[in-house]
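Quantities reported herein were computed from a predicted structural model and do not represent experimental measurements. Here, residue 1 is the first one in the sequence, and each next residue gets the next number.
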Amino acid sequence: MKTERDEDFLEDQQENGVQTNHYSSISPSTSPEDQEEPFSTYFEQKVHIPETGSQIFSFRKLWAFTGPGFLMSIAYLDPGNIESDLQSGAKAGFKLLWVLLGATIIGLLLQRLAARLGVVTGMHLAEVCNRQYPTVPRVILWLMVELAIIGSDMQEVIGCAIAFNLLSVGRIPLWAGVLITITDTFVFLFLDKYGLRKLEAFFGVLITIMAISFGYEYVVVKPDQGELLKGMFVPYCAGCGPVQLEQAVGIVGAVIMPHNIYLHSALVKSRDVDRNNKKDVKEANKYFFIESAIALFVSFLINVFVVAVFAEAFYDKTNMEVNAVCNATGSPHSNLFPLNNATLEVDIYKGGVVLGCFFGPAALYIWAVGILAAGQSSTMTGTYSGQFVMEGFLNLRWSRFARVLLTRSIAIIPTLLVAIFQDVQHLTGMNDFLNVLQSMQLPFALIPILTFTSLTSIMNDFANGLVWKISGGIVILMVCVINMYFVVVYVTALNSVLLYVLAALISVGYLCFVAYLAWHCLIALGVSCLDCGSRMHRGLRRHTDIYLLNDMDCDMQVDR
């Protein structure tokens, strides 16, 4: 049953001559200005989907849809994730592999929501947020997501710089590696001018390099397969303490990244899907989910390689043991490991060094090549995330070069400062801080994606059902609670009253904004009792999903 407001709205749309779209309630603006200069990044061409008749499954179609999921999966392989993996193996052995598996599965479910939003609406998450939220919340949301992207970008660029440092035996300093990474990223980002599929193939090559590099380390170290399988499928952690618990939380925070939700919802727009045809939309959702599952399975295997290598070779090792081996092999880096019986602590840099000490120089250089591939690929996709978010939230109409220059520049200054003033051997503290920063931004991606994919006024027949609403809400709540725990642990370890007070003040504003987004989300999920105030007097009590569309322009294509 339609409310009187609904009928009036539809009559206004028909009077304006708007064409309705039966399978999508919102579409990009079709104003004359938009037609003159298309709103595009990465989408100067679209991949055609072949016709295959009435087949239930087609490898030809799967191949046509293959690409966005693998680009998305690169965020699961960035240097921050690799560092989390190696620390997990060194501190907990194989015991936390089941956490990595669970986090990857949760990530797949969240990426499914992101892909569906892009396919069904033809708009990515930042564009939908721009149209749905009022100005002030929209600006705050944009700033929070930008912080997450900057934090991730710093980890990725620093990871590349560390790889250059290792490959050059210290001859390329950290700051020079940062400049090289920034420069070559500009070059690589323009590969899509030569064809979208060529760009996706290039990313595929980088993923293959990671698989070969870390797979080589796996073969050389020869982890115990029984312990590996036990750690992966038996949710236990015998003898674990606070250190292992913090590491488990860190795994979840490193795997599920906020900007990746925005990225995936945009990448799926690169396929030529007829959104007026329900069958085509349903088919696109199916193939994108299959492709994402395959891509995340590959990324999971690569992550397992890293965890298993450090679990087998370096779990429970002491600094003194490692120092002795490094001295015996003539490594110039033995000073990294003090002569004490403290448990070995490793990061990306020290990880390469200890591999070189125990398994020869080839292990060190191959490790560095894998880190370089991980950092370079994730830096490029991170730049795409920055472009999508900035264009979507701010509705920018800039040239392609100007957009790339601005989004890269946002992260250049803080990254260069870190590279100049921080020693390459002491970057673990910065990585922990950046993981905390990204953990805090998770609600600003997860809550909006659940909100909008649950609204029938946006998703129509493809809106989340009751099971997805409940399970999605529980998963998002669980992920946010886990990451908030990570933040609390980090802040309490600072041991500074001033920082405690500052953190408390920031937390109040932060929690208020999260509560605001959660309130909108709960209404979208059907908790109509929360829809109070003026909206109750507009006849929207029984249609709580409609009020979020109040800001929609009159030229939107709408069909309820």
Rounded to the nearest 0.5 Å, what separation is found between the [atom1] atom of [X] and the [atom2] atom of [Y]?
X	Y	atom1	atom2	answer
Leu372	Thr379	CG	OG1	9.5 Å
Trp175	Ile158	CH2	CD1	13.5 Å
Ile150	Gln438	CD1	CD	11.0 Å
Thr181	Glu156	OG1	CD	10.5 Å
Thr381	Asp153	OG1	CG	9.0 Å
Tyr262	Leu267	OH	CG	15.0 Å

Check: [X] side chain, [Y] main-chain N or O, donor-acceptor pair, under 3.5 Å:
X	Y	answer
Gln87	Glu345	no
Ser213	Met210	no
Asn165	Ile172	yes
Gln244	Gly241	yes
Gln247	Ser84	yes
Ser265	Leu125	yes
Ser152	Ala148	no
Glu127	His124	yes
Lys269	Gly118	no
Asn303	Tyr76	yes

Between [X] and [Y], is any pair of side-chain heavy atoms under 4.5 Å apart?
X	Y	value
Leu166	Ile162	yes
Glu246	Lys91	no
Met390	Glu146	yes
Gln132	Ile458	yes
Asn464	Leu113	yes
Trp367	Ile82	yes
Leu108	Phe289	yes
Pro258	Met144	no

> Who pairs with Ala75 by side-chain contact (heavy atoms from CB on, under 4.5 Å), at least two apart in sequence or on another chain?
Replying inline: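 side-chain contact (heavy atoms from CB on, under 4.5 Å) check on Ala75 returns Met257, Asn260.
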
>> Please determine whether side-chain contact (heavy atoms from CB on, under 4.5 Å) holds for the pair Asn323 and Met320, giving the CA-CA distance in whole Å, both sets of side-chain angles, and the decisive distance to 0.1 Å.
In response: CA-CA 5 Å; Asn323 184 288; Met320 189 171 292; 5.5 Å; no

>> One pair to check against side-chain contact (heavy atoms from CB on, under 4.5 Å): Phe444 and Val514. What are the steps and the verdict?
In response: CA-CA 8 Å; Phe444 307 126; Val514 171; 3.9 Å; yes

Non-hydrogen atoms of [X] and [Y] that approach each other most closely:
X	Y	answer
Leu77	Ser299	CD2-O, 3.5 Å
Gly351	Val346	N-CB, 4.3 Å
Thr343	Asn319	O-ND2, 4.2 Å
Thr453	Leu117	CG2-CB, 4.0 Å
Cys129	Phe452	SG-CE1, 3.7 Å
Ala248	Leu96	N-CD1, 3.9 Å

If the plane angle is over 60° it's perpendicular, under 30° parallel, otherwise tilted; pick one for [X] and [Y].
X	Y	answer
Tyr516	Phe513	parallel
Tyr133	His520	perpendicular
Tyr384	Phe388	parallel

> Near Lys230 NZ, under 6.0 Å, is it more than 12 heavy atoms from other residues, nucleotides or ligands?
Replying inline: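 It does not: Lys230 NZ has 12 such atoms or fewer within range.
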
>> Could you check whether atom CZ of Phe297 has more than 12 heavy atoms from other residues, nucleotides or ligands sitting under 6.0 Å from it?
In response: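 It does not: Phe297 CZ has 12 such atoms or fewer within range.
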
> Regarding Arg112 and the six-membered ring of Trp468, is the cationic atom NZ or CZ under 6.0 Å from the ring centre and inside 45° of its axis?
Replying inline: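 Yes, a cation-pi geometry.
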
>> Pair Leu355, Leu364 - check side-chain contact (heavy atoms from CB on, under 4.5 Å), show working.
In response: CA-CA 6 Å; Leu355 284 171; Leu364 186 154; 5.6 Å; no

>> My understanding is that only one of Val527, Ile476, Leu446, Ile447 makes a side chain to side chain contact (heavy atoms under 4.5 Å, CB included) with Cys521; could you say which?
In response: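 Single pass found, and it is Ile447.
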
>> Assess the residue pair Glu83 and Gln155 against the criterion (side chain to side chain donor-acceptor pair (under 3.5 Å)); give the C-alpha distance rounded to whole Å, side-chain angles, the decisive distance to 0.1 Å, and a yes or no.
In response: CA-CA 10 Å; Glu83 183 157 322; Gln155 288 178 312; over 6 Å; no

>> Working note: Ile302 + Asp85, criterion side-chain contact (heavy atoms from CB on, under 4.5 Å); need CA distance, chi angles, decisive distance, verdict.
In response: CA-CA 10 Å; Ile302 295 174; Asp85 292 337; over 6 Å; no

